[in-house]
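Heads up: the structure comes next, in structure tokens.
In listed order, ligands and their atoms are each counted from 1.
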Amino acid sequence: MSADPDPKEDARTVSDISTRSEQRRARDRDARPTAPVPSAAQAAPGRAGHTIALEKLSAYYGETRAVRDVDLTYAANQVTAMIGPSGCGKSTLVRCINRMHEEIPGARAEGKVTLDDVDIYDSSIDVTMVRRVIGMVFQKPNPFPTMSIFDNVAAGLRLSGVRGVDLRERVEWALRAAGLWDEVKDRLGAPGISLSGGQQQRLCIARTIAVEPEVVLMDEPASALDPIATLKIEDLVHELKERFTIVIVTHNMQQAARVAATTAFMLNGELIEHGPTDKIFSNPNDSRTEDYITGKFG
Ligand code: ADP
């Protein structure tokens, strides 16, 4: 019998998340052209993606179960949309994926969430590391109000203690990848909150991706924005999927149809179905999905 450790066992430790991430970052840095970097897609050609799998995931607020036994796999380097009526558990589910749900007093999750082969709820896992590799963008743009544009993007790097990176270079890279560089490059010292709503949201996306996560969760990232700013975010989502696995919560079915390869429909905390977006919107398996997308309820 071999004395070598089982690679799967080995992969379940927190150090594996961070080591794997560091190795990838080093690889990506080598692959990354020096500035200017026109887009996220071009920043790291051929970058291997990461899969998230939910197994029997349930989420509670006290005794109330808001998410029920969800099994769902998010494919690497794809955009998956979460749709369903308000209150069906989309945001709660997404917050379980980077362990933010448990921050709410009385809230807890049950079941399993794995990032590739790493169980992110394992007791050995460092929650801070989980949130670094699974980043999140919220509905309302939330730049740090007292910080400049530059410092907003650098904040994630500073907070998560990323070392050995050229801060200026990384901030520029993230702003370019978020499609904001050309609009802000001459006023990096201006307050983040001096930007328009759409720009602030792209700033928050830059802040999230600056730490080079593997997965980006977006909870209604465009619902507070006007139609033009919304389209910019959608274009950006298209580009970012070359580099990240993306989960986007949206109540806007046209948006799901525009950006997502697959769509998951939730109702009353349950996953009703998940499939190719075209199929979900044209020929769903479940009559409840059909009733929702045809506007019979919602
Ligand atoms: P969605 O994102 O689909 O609108 P949510 O995940 O926000 O749905 O909510 C799912 C259910 O959980 C709803 O019944 C909502 O009232 C409840 N809920 C959400 N947040 C909290 C909270 N902080 N405390 C208690 N219940 C909550």
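Closest protein heavy atom to atom 7 (O) of ligand 1: S91 CB, 3.9 Å. Nearest non-hydrogen protein atom to atom 18 (N) of ligand 1 is Y61 CE1, 3.4 Å. If you check which protein heavy atom lies closest to atom 4 (O) of ligand 1, you get G87 N, 2.7 Å.
N77 places a side-chain N or O within 3.5 Å of a backbone atom of K241 that can act as its donor or acceptor partner. For N152 (side chain) and P143 (main-chain N/O), no donor-acceptor pair under 3.5 Å exists by modelled atom type. Put simply, the side chain of D286 never gets that close to the backbone of I272: no donor and acceptor are under 3.5 Å apart.
Of the candidates I97, I246, T51, I97 is the only one forming a side chain to side chain contact (heavy atoms under 4.5 Å, CB included) with Y74.
For ligand 1, the atoms lying closer than 4.0 Å to a non-hydrogen atom of A66 are 11 (C), 12 (O). Within ligand 1, the atoms closer than 4.0 Å to a non-hydrogen atom of K90 are 1 (P), 2 (O), 3 (O), 4 (O), 6 (O), 8 (O), numbered from 1 in the order shown.
When distances from atom 16 (O) of ligand 1 to the protein are checked, no heavy atom turns up under 4.0 Å. There is a protein heavy atom less than 4.0 angstrom from atom 10 (C) of ligand 1.
Looking at heavy atoms from C-beta onward, T245 lies out of side-chain contact with Q78 at the 4.5 angstrom threshold. Looking at heavy atoms from C-beta onward, L203 lies out of side-chain contact with P141 at the 4.5 angstrom threshold. Contact annotation: the side chain of F138 never approaches that of C204 to less than 4.5 Å [non-hydrogen atoms, C-beta and beyond].
Contacts between P85 and ligand 1 below 4.0 angstrom, taking non-hydrogen atoms only, involve the backbone exclusively. Within the 4.0 Å heavy-atom criterion, both parts of C88, backbone and side chain, lie near ligand 1.
Nearest to atom 5 (P) of ligand 1 by heavy atom, out of L93, T92, T64, is T92.
Where the criterion is an N or O separation shorter than 3.5 Å, residue side chain and backbone included, G89 meets it with respect to ligand 1.
Seen from the ring of F150, R168 counts as a face-on cation partner, given the 6.0 Å and 45° thresholds.
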